[in-house]
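Note that the coordinates shown come from a computational prediction; the quantities given were computed from them, not determined experimentally. In the text below, chain A, chain B and the rest are named by the order of the sequence lines, each starting its count at 1. Below, each value reflects all heavy atoms present in this structure, side chains not excepted, and no hydrogens, waters or symmetry copies.
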Number of protein chains: 2
Amino acid sequence: MPNLRVAEKPYHHGNLRKALIEAGLAVLEEVGHAGLTLRAVASRAGVSHAAPAHHFASAKGLLTVMATSAFARFEAALADGRAKTDPDPVSQIRVMGRVYLEFARAHPEQFRLMFTAAKLDWRDAELLAIARMTYRHLEEIARPAADAMGANSATARTNVEYLIWSVAHGFAHLAIEHQIPKPGAPVPTDVPDIGGLLFATAHRGQAGRVKRTKAATVTAGKRNLKPRKSKAERR
Amino acid sequence: MPNLRVAEKPYHHGNLRKALIEAGLAVLEEVGHAGLTLRAVASRAGVSHAAPAHHFASAKGLLTVMATSAFARFEAALADGRAKTDPDPVSQIRVMGRVYLEFARAHPEQFRLMFTAAKLDWRDAELLAIARMTYRHLEEIARPAADAMGANSATARTNVEYLIWSVAHGFAHLAIEHQIPKPGAPVPTDVPDIGGLLFATAHRGQAGRVKRTKAATVTAGKRNLKPRKSKAERR
DNA sequence: CCACAAATCTTGTCACTGTCAAGATATACC
DNA sequence: GGTATATCTTGACAGTGACAAGATTTGTGG
């Protein structure tokens, strides 16, 4: 007799994969990284402890999809914030800092997951795609500053991107790891205004002396993949 | 018969606490965070799996001391680098960036441990002391830049400290988590030159418009402590 | 319409983890 | 020199991710 009523725990969940991702994010938000176990996620989704193995090759597989989901929300917040902000270059840099800090403070566990390479499979196409999409915002935001400073080459522009990114990321990371504020200081509400600083320098007609880098090649990663047996074949 | 020969595994280790710290750092360097278990550390130190409990209340206790040790080496590297560098403000800011990035790349696991609040007991006096000592370098390094920009108040000076710290920390963190370099770009050798940028702006006679913050109060922590029973009483 | 293959989920098990309890051994102090 | 105390070991426990094998449902070809 096939199950027609959904409320009576059918043997097959329906869309367990999606449910596990949502359960994982919920567990992460509620009990934090330490309590995020495959068994807790399975339990929350109402399935047995081994069920996740049929949808994710390993814990890393689930974490990778969760991080992809987190990146998607971050990118959406960034796009939304930019759209609602004056297109002025300095304002755009500021809003990126604000969105970065707000996201990190609102979802510190997701933020840590997004930037913990060892827990994720960075060969994953979807994760790479959303990360690339997010970086494109940075490229757009940094471009006017780079131009104003006379940063013509791709390398010089990349350096401006790294600078703006480092300020926002470093400040947000130090904030959620309780390094900022320093003892006795008030809790800051905004990321340092690197945009104002860049354009203050640029208006002086100063050439692009933001940074100096030196060659070397890019590296690649290597991680596990594929679920169990000949069964489901995603991550 | 008391043991006089050291080589024959005496029942009492002699200085197990120190040995466990060194073993812990060695395991961390060799097999990484995932392989850093109390049992692996105990095994490496040549003692049973429960021996560490007599010197550290929990795994967090050992990690806290390991992080303290890591901070001490970082502070030493920073002090050494500064001493060997031109006292010029811009040079001092640059050397801090270089030391920061070099330490993070040479000891990424220790770097992550130092900045993972949830794994450490930040009420620990020794950890707080060495962190404070390290921060003092930042205060000294940032002071000339703050002065040059007309940052008179304590808050304004702190903002300059945060800016310089954020650039170094953010860049180093993004680098060890494989976010920098972006795909296809060369591996950078230096942190963005925020010092040059700060003084380029300052020379223009620009007032301190580095950042804007807004009040709020500081928060505190709460963690476990004390080893087992009435035995050893450290961490 | 129905057998059979594939997909989905469960139960059971394994080695490993941190922590605790209790006992064994060496040291120190009176 | 004997006894309290510090130090370390053995043993056990619940909880973990992963694997194996079986149960249930779905889907598809004949």
**Q** Can you tell which of C/dT19, C/dC9, D/dA18 lies closest to the side chain of A/H54?
**A** C/dC9
**Q** Decide side-chain contact (heavy atoms from CB on, under 4.5 Å) for B/L20 and B/F56; before the verdict, give the C-alpha distance in whole Å, the side-chain angles of both, and the deciding distance to 0.1 Å.
**A** CA-CA 10 Å; B/L20 287 171; B/F56 305 98; 3.9 Å; yes
**Q** Quick one: pull up CD in B/E75 and CZ in B/R132 and give me the separation to the nearest 0.5 Å.
**A** 12.5 Å
**Q** Going through the checks in order, is the side chain to side chain donor-acceptor pair (under 3.5 Å) test met by B/R73 and B/S69?
**A** CA-CA 6 Å; B/R73 277 186 299 282; B/S69 170; 2.7 Å; yes
**Q** Expressed in angstrom and rounded to an integer, what is the separation of A/H33 atom NE2 from D/dT16 atom P?
**A** 13 Å
**Q** Expressed in angstrom and rounded to an integer, what is the separation of B/L20 atom CG from C/dG18 atom P?
**A** 13 Å
**Q** side-chain contact (heavy atoms from CB on, under 4.5 Å), that's the test. Do A/D190 and A/F171 meet it? Break it down for me.
**A** CA-CA 9 Å; A/D190 279 306; A/F171 192 84; over 6 Å; no
**Q** Using a 4.0 Å heavy-atom cut-off, does A/A51 contact any base of the nucleic acid, only the sugar-phosphate backbone, or nothing at all?
**A** base
**Q** Indicate, with a heavy-atom threshold strictly under 4.0 Å, whether A/S48 touches base, sugar-phosphate, or nothing.
**A** base
**Q** Looking at C/dT10, D/dT16, D/dC8, which one has an atom nearest to any side-chain atom of A/R39?
**A** D/dT16
**Q** Rounding to an integer number of Å, can you tell me how far A/R17 CZ sits from C/dC9 P?
**A** 12 Å
**Q** What is the distance, rounded to the nearest whole Å, between atom CG of A/N15 and atom P of D/dT26?
**A** 15 Å
**Q** Passes salt bridge (charged side-chain N to carboxylate O under 4.0 Å, His left out), A/E177 versus B/R112? Steps please.
**A** CA-CA 11 Å; A/E177 297 302 343; B/R112 290 186 193 99; over 6 Å; no
**Q** State which of D/dA12, C/dG18, D/dC8 makes the closest approach to the side chain of B/H49.
**A** D/dA12
**Q** Nearest to the B/L38 side chain among D/dT9, C/dC9, C/dG18, which nucleotide is it?
**A** C/dG18
**Q** As a quick check of understanding, evaluate side-chain contact (heavy atoms from CB on, under 4.5 Å) for B/R105 and B/F111, giving each step before the final call.
**A** CA-CA 9 Å; B/R105 280 181 170 156; B/F111 183 86; over 6 Å; no
**Q** Starting from P on D/dA18, measure out to CZ on A/F56 and report it in whole angstrom.
**A** 13 Å
**Q** Roughly what angle, to 10°, lies between the helix axis at the start of the helix from C/dC1-D/dG30 to C/dC30-D/dG1 and the one at its end, five pairs per end?
**A** 0°
**Q** If you check every side-chain atom of A/A50, which of D/dT10, C/dT19, C/dT11 has the closest atom?
**A** C/dT11
**Q** Between C/dT25 atom P and B/L16 atom CG, what is the distance in whole Å?
**A** 19 Å
**Q** Are B/W122 and A/Q179 close enough that some pair of their side-chain heavy atoms sits under 4.5 Å apart?
**A** yes
**Q** Taking the nucleotide of DNA chain D with the nearest heavy atom to each, does A/T37 or B/V47 sit closer to the 5' end?
**A** B/V47
